[in-house]
Amino acid sequence: MGRYVARRLLLTIPVLIGASFLIFAMVYALPGDPIRALGGDRPLAPAVVAQLRDDYNLDDPLLIQYAKYVGDLLQGDFGTDFRGRAVLDTITQRLPVTIRLTAVAIAFEAVIGIIAGVLAGIRRNGFLDNLVLVSSTVVVSVPILVLAFVSQFVFGLQLGLFPISGISEGWRSFLLPGLVLAAGSLAYVARLTRTSVAENMRADYVRTAKAKGLPHRTVIIRHTLRNSLIPVVTFIGADIGTLMGGAIVTESVFNLPGIGRAVFDAVRQQEGAVVVGIVTLMVFFFIFFNLVVDVLYAVLDPRIRYD
Amino acid sequence: MTDQQQADLRHDEMEAGTTTGLASPSVDVTDARQNSLWSDAWGHLRRNPLFWIGAVLGLVFLLVAVFPQVFARGADPRSCSLSNSQQAPSADHWFGFDQQGCDYLANVVYGARNSLLIGLLAVLVVLVLGVVVGAVSGFYGGLTDTVLSRLTDVFYAVPFVLGAIVVLQSGVIGRGVVAVAIALAAFGWMTAMRLVRSQVIAVKSGDYVAAARAMGASNGRILVRHILPNAVAPVLVYTTITIGVLIAAEATLTFLGVGLQRPAISWGLQIDAGQSLLRTAPHLVLFPSIVLTLTVMAFIMMGDALRDALDPRQRG
């Protein structure tokens, strides 16, 4: 196991470098001169411009710029944006919002998704099963954008149950965006659980458990669920990494100041350092949670051995 | 063995100038054979209501995209009168009017074309990239596979919408229909590649591949004639669903202001314009949202039905 983790960690290095370089190169290609934009209507003195361009390594070729950036990054320096603010400050200020949003979304996804999936799976082709199948198709089909506005309109404006914008009301502000963000994965978790439970219900050990007279509830909870939830748990784990990078739309519509919103604003304002820093962080989360999930898989399922 | 495979084997035999007997067995076991995967799948598909709902929705949507003037009830999306601004839906104007006083039904109807164009174009690029990279990677293996797989990991790790935003914002490829499709495809081809790669790896050790090789078929021919046709089923399912996903992604990018720009007519632009009027004129967000959702749903339903039909294990 140790060797497997070490090898996987080594394999993440080229992916991290590749992904951050990909973003770096694209940001490099963004049009306009950020230094000139800094001066506004009054052009900056040539000496100042030269100094600033030198500070931000803007006159170096792409590869040199990138090498310098990575060099700083390895020492924990995410650089500064063009207004002199440390990128790390922006990240530490914005990240908690995204983490809370992700936590709420994952909670919805796990609780509602698993319950719906189990109810559907234990009686295949029953009423609940068809209900879950149809509603998950519908939920998957609704674009997150549409879902956000519909929920804002219905729960926020018509019913007045939840705040629809900003984070001024603590956890309550995260309920609606969390549900919207979770919707697609929630439907997927329900389907995954359903298939997995239905498959396990036909397994020999479940028949044995029933045959020896265990109550229905015990058979489901102690025997079926423990095996059926393995793929579900691993999907949810990997989804943490995906959601942390995928909240751009949700954070924009619900006006939440998280890293998704920050990176979108930064792209529009050509704040290259902010974009590259946050995207690198998102990529890191994504890879990290995928690695955790792979290791978790072996821990949960003794049939899987990596060495 | 399907007729196609048999014909292929026969062709390979003739090229190689040998006879293995595989292509023309003395006892023709395939004559009385059971249905092929595809006719079997069609049989299941035909009886699936999900498929028909999706197919009818998709067809209607296609007709709307090709002949919008038929569905716009005679209204021109660009002839507007401010005196009608934000009027609610009525018997004459089913979807009401937008803020500029343009007939909203006509606008929503004319929005279909861009969505469909972008969806189809992007999926085409996704397919080409996915199939080529995946097939090469899976078929040749070794160093080629390692390099291509890591490259795929790199793209996979960058959040989809974010990658497309940066590509479009850089302005290198503009902001038109083609540009949006390319930006979406550039960060959307990885799953197709992984699907094709794993299918190719699974299929390439089959006996019929060994037979074709024994008869001297070249690598390229084996890949194109023998392996890919047998690896295509999961990709077809994925492609169908992905058209829907890409159409939703286009609306999202356009809504965020980095996709299509005015004066283009697009559901994303309509939702964006309507969002600030959610309190006073909710129909401005509602109608494009409903139509967008139905469109996405059509493709996802067809894909779901196709998956059930092509995967015998899924059938209860």
Side-chain angles (χ1 to χ4, degrees), chain A residues 11-12 14-23 26-32 124-125 129 133-134 137-138 140-147 149-150 152-153 156-158 164 195 198-199 241-242 244-249 252-253 260 263-264 267-268 270 275 278-279 282-284 286-287 290, chain B residues 50 54 146-147 150-163 165-172 187 241 244-245 247-258 267-268 271-272 274-275 278-279 282 285-286 288-290 292-301 304 313-314 316:
Chain A
L11 272 180
T12 60
V15 176
L16 257 181
I17 294 179
S20 66
F21 180 72
L22 181 68
I23 287 293
M26 289 197 303
V27 169
Y28 186 85
L30 286 180
R124 241 178 124 171
N125 296 325
D129 186 25
L133 265 187
V134 171
T137 305
V138 173
V140 168
S141 308
V142 183
I144 204 161
L145 190 65
V146 172
L147 204 60
F149 284 121
V150 170
Q152 274 187 336
F153 184 70
L157 292 181
Q158 300 288 63
I164 59 168
T195 315
E199 233 163 60
T242 312
M244 299 215 38
I248 297 173
V249 181
S252 295
V253 174
V263 77
F264 177 59
V267 173
R268 312 205 82 183
Q270 298 167 41
V275 178
I278 294 183
V279 174
M282 286 173 169
V283 172
F284 172 78
F286 181 83
I287 294 174
N290 271 291
Chain B
L50 213 62
T146 309
V147 171
R150 287 297 86 70
L151 184 75
T152 309
D153 287 349
V154 165
F155 278 85
Y156 202 72
V158 177
F160 172 54
V161 173
L162 187 58
I165 289 175
V166 180
V167 169
L168 287 170
Q169 188 76 21
S170 75
V172 180
F187 286 88
I241 293 179
V245 173
I247 287 177
E250 180 274 321
T252 305
L253 286 179
T254 302
F255 166 79
L256 288 172
V258 294
W267 296 331
I271 295 175
D272 178 39
Q275 64 155 335
L278 199 57
R279 278 166 208 276
V285 170
L286 197 66
S289 296
I290 290 176
L292 173 65
T293 306
L294 285 177
T295 306
V296 177
M297 203 182 284
F299 287 104
I300 289 184
M301 277 176 159
D304 265 4
R313 283 178 312 156
Q314 294 267 334

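Proteins come first, then strands; the chains are lettered A, B, ... in the order of their sequence lines, and each starts at number 1. None of the values given here were measured: they were computed from a predicted structure.
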Practice task
Among B:Ile271, B:Ile247, B:Thr293, find the residue that satisfies the side chain to side chain contact (heavy atoms under 4.5 Å, CB included) test when tested with A:Pro143.
Solution key: B:Thr293

Closest heavy-atom contact between [X] and [Y]?
{"X": "B:Val158", "Y": "A:Ala19", "value": "CG2-CB, 4.0 Å"}
{"X": "B:Ala157", "Y": "A:Val15", "value": "CB-CG1, 4.3 Å"}
{"X": "A:Arg268", "Y": "B:Gln169", "value": "CA-NE2, 3.9 Å"}
{"X": "A:Phe153", "Y": "B:Pro282", "value": "CE1-CB, 3.4 Å"}

Under 4.5 Å heavy-atom distance to chain A, tell me which part of [X] shows up: side chain, backbone, both or neither.
{"X": "B:Phe299", "result": "neither"}
{"X": "B:Leu256", "result": "both"}
{"X": "B:Asp304", "result": "side chain"}
{"X": "B:Val285", "result": "side chain"}

Largest heavy-atom contact set with chain A, pairs under 4.5 Å, which of [options]:
{"options": "B:Val166, B:Val161, B:Leu151", "answer": "B:Val166"}
{"options": "B:Gly163, B:Ser289, B:Ala251", "answer": "B:Ser289"}
{"options": "B:Ile290, B:Leu286, B:Thr252", "answer": "B:Thr252"}

Practice task
With rounding to the nearest 0.5 Å, note down the distance linking CD in B:Gln275 to CG in A:Leu145.
Solution key: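 B:Gln275 atom CD to A:Leu145 atom CG measures 8.5 Å (nearest 0.5 Å).
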
Exercise for the section: Working to the nearest 0.5 Å, report the span between OG1 of A:Thr242 and OH of B:Tyr156. Expected result: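 Going from OG1 on A:Thr242 over to OH on B:Tyr156, the span is 7.0 Å.
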
Practice task
Tell me, for A:Val138 versus chain B, whether the close heavy atoms (under 4.5 Å) come from the side chain, the backbone, both or neither.
Solution key: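 A:Val138 touches chain B through backbone and side-chain heavy atoms alike.
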
Practice task
Select one option (side chain, backbone, both, neither) describing which atoms of A:Phe21 are under 4.5 Å from chain B's heavy atoms.
Solution key: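 Interface part for A:Phe21: neither.
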
Problem - A:Leu22 vs B:Phe187 side-chain heavy atoms within contact, under 4.5 Å - result: yes

Exercise for the section: Evaluate whether atom CZ of A:Phe284 has more than 12 neighbouring non-hydrogen atoms of other residues, nucleotides or ligands under 6.0 angstrom away. Expected result: no

